[in-house]
Number of protein chains: 2
Amino acid sequence: MLMPRMSPGERRAALISAALAVMRRRGIAGTTARDVAAELGSSSGLIHHYVDSMDELVAEAFAVAAGEDLLQAETAVRDEIGAVPRLAAFFDAYARGDDDGMQLWLDAWSEAARRPALGRISRELNERWQGLLAGIIRDGIREGSMSAEDADSSAWRVLSLLDGLVLQTVAHGDVISRAQADAWARAGAEGELGLPAGSLRGAVRTP
Amino acid sequence: MLMPRMSPGERRAALISAALAVMRRRGIAGTTARDVAAELGSSSGLIHHYVDSMDELVAEAFAVAAGEDLLQAETAVRDEIGAVPRLAAFFDAYARGDDDGMQLWLDAWSEAARRPALGRISRELNERWQGLLAGIIRDGIREGSMSAEDADSSAWRVLSLLDGLVLQTVAHGDVISRAQADAWARAGAEGELGLPAGSLRGAVRTP
DNA sequence: AGGCTTATTGGACAAATGTGCAATAGGGCG
DNA sequence: CGCCCTATTGCACATTTGTCCAATAAGCCT
C-alpha cells in the first residue's frame, strides 16, 4: 500500500508531527526510525529520505513543539499591559503546558550534553524563556512595581524555581501536585520581586 | 583470561561500581550490559549472574551513588550547630557534587516515569533531600533565625531552585557557570527564609 | 499523451542489544 | 588430597537499531 504523495514541505511537517507523537509516548531516547514510520503509516525508508539522522529529527521535532509553547507564552505576555499582569500571564501560559510537554523537556535536558543538535535547541529555547522573563522584570523595575537588583539573575531564579518544581511533578508523580508547584512558584516569584503576596495568583481555569 | 573469583557481596559491589562508571560516561539510557562487563574486565555473562535485568542494575547503582551524596550532606549538616550554619553546610555539600553526579540526576528524572525501579529511588532520594532542608528550616524558625510560613513548601522551593539552576549548568554548558548557579541559589534561599544577604555565602573552595 | 522528476517502497546490511546456557575452573570443605 | 559447589567464561540466539539503496509509481510539465 502506498502513501499519498506529498510535497517535501508537507511531508516533512508530517514527519515531525509523527516523531513528536512517538517522542511523547516513548521518550526522546526511545524514539526509533521504525516507530516514527509506523506512526506515520509509511515505510521506514521514507524517514531518511527527508532527514540525515535521527538526532536531527528529534532535535527539529523538539524545536517545533517547545517553540510553539514558548511562542504562546510570548504572545500571551505581549497581550497584557503592565509588568505584574504580564508576569501572571507568563505563569498562566506555562501552566497551560501539559505533563507530556514537560517530560519532553526532562528528556531534552538529560540528552542535551550528548546530542549536539538537541543541546543547542534546548539551550536556545531556555535562554529565550529567561529573556522573556527578564524583559518583564525590567519593565517592572522601570514602572516601580517590582524590585530586583539584577533582572537577569532574578529571571533565571524565577524560571529555575518553576522548572525545578514542575520537574518533581512530572518525574515523580504526585510527590507534589502540579497545582501546588504552580502556586509555590508564583509565591516564590512574588518574594523574589518584592510583590505583595497573591499578586500573581492565577485565574481559576477549567481544564 | 579469568577474573579473580570473588564473593557475591564483593562482586556485586564491583558490578555496581562498574555500572556507575559507564552510567557517568554514557548516560543511564546508554548503559549496556556489555559496556559494564568491559568496564569490569569480565565476561558479559557475569552481569546476569548477579542481576535479573539492566533496569535493576542501573537503579541500584544510582541509589548507591546518589545515596552517598545525600549521606554526605546529611552528616555535613549534622556537624554544624545552628540553622543558618547548617543551611550553609547544606549548600556546601551540594556544591561539592560534580557535574557528572548532576547529569545522573538529569538522566534519572528523565527516565523516572518510565522505569519503575529507578523512579522509586529517585523520588525517595528527592524527598529525603527535601526533608533534610525542611528540618533545617524548622530549626531556624524555632530559633527565630529564619522566617517561613510553611517549612515544607519553603524546603521544596529552595531545593527546586537549586536543582533548576544547576540543571542549566550541566545541561547547557556555560549558559550559567556553576559558581553563579550556586551563589544565586544561596541568595534565593536567603530571600525565601528572611535571612540577611550574604548569610549563606559559601566558604571559598579550591577545586 | 508521454516522459521525467522524485516521492515512496521494501528490504538488505552490519552492528549492537538483552538474555539465556552449557562448559570451565577456582577454592573451600570434608 | 580430592570432591563438589559455584563464580566465571564465551558464545548462541532472537531482536532491534541506524543507515543505505535499487526499484517502483505518482503526478506535473511540455
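Basis for what follows: all heavy atoms, side chains included, without hydrogens, waters or symmetry-related copies. Lettering of chains follows the sequences in order, A, B, ..., and the numbering in each one begins at 1.
The side chain of A:Arg34 places no N or O atom within less than 4.0 Å of a non-bridging phosphate oxygen (OP1 or OP2) of D:dT16. A:Thr32 has a side-chain polar atom (N or O) that falls below the 4.0 Å cut-off from OP1 or OP2 of D:dT17.
No side-chain N or O of B:Trp105 forms a donor-acceptor pair with one of B:Asn126 less than 3.5 Å apart. Side-chain contact annotation: B:Glu56 with B:Ser53, donor-acceptor N/O pair under 3.5 Å absent.
Taking 4.5 Å as the limit, every side-chain heavy atom of A:Met23 sits out of range of all side-chain heavy atoms of A:Asp107. Side-chain contact between A:His172 and B:Glu127: absent, with no pair of heavy atoms (C-beta onward) separated by less than 4.5 Å.
Applying the side chain to side chain contact (heavy atoms under 4.5 Å, CB included) test between B:Ser154 and each of B:Leu159, B:Ile141, B:Ile137 identifies B:Ile137 as the sole match.
The line from OG1 of A:Thr75 to CD of A:Glu80 is 10.5 Å long, rounded to the nearest 0.5 Å. Rounding to the nearest 0.5 Å places CZ of A:Arg157 at 14.0 Å from CZ of B:Arg157.
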Summarise protein proximity over nucleotides 24-30 of chain D in one line of letters, 5' to 3': B for base, S for sugar-phosphate only, - for none, counting protein heavy atoms closer than 4.0 Å.
-SBS---

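For the pair B:Arg201 and B:Asp182, the salt-bridge criterion is not met [side-chain N within less than 4.0 Å of a carboxylate O]. Using a 4.0 Å cut-off between charged side-chain N and carboxylate O, B:Arg123 and A:Asp174 make a salt bridge. The pair B:Asp99-B:Arg24 does not count as a salt bridge, with every side-chain nitrogen at least 4.0 angstrom from each carboxylate oxygen.
The distance from atom CZ of A:Arg12 to atom P of C:dT8 is 13 Å, rounded to the nearest whole Å. We find that CD of B:Glu10 is positioned 17 Å from P of C:dG26, with the value rounded to whole Å. With rounding to whole Å, B:Met6 atom CE is found 14 Å from C:dG28 atom P.
Annotation for A:Leu200 and A:Ala189: closest pair CD1-CB, 3.8 Å, computed over non-hydrogen atoms.
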Where do N or O atoms of nucleotides 1-4 of chain D meet protein N or O atoms at under 3.5 Å, pair by pair?
none

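Summary of the strand contacts: A:Asp35 and A:Gly45 both lie near DNA chain D, and taking for each the nucleotide with the nearest heavy atom, the more 5' one is attributed to A:Asp35.
Of the residues in residues 46-56 of chain B, those with a non-hydrogen atom less than 4.0 angstrom from any atom of DNA chain C are B:His48, B:Ser53, B:Met54.
A donor-acceptor contact under 3.5 Å links the side chain of B:Ser44 to the base of D:dC11.
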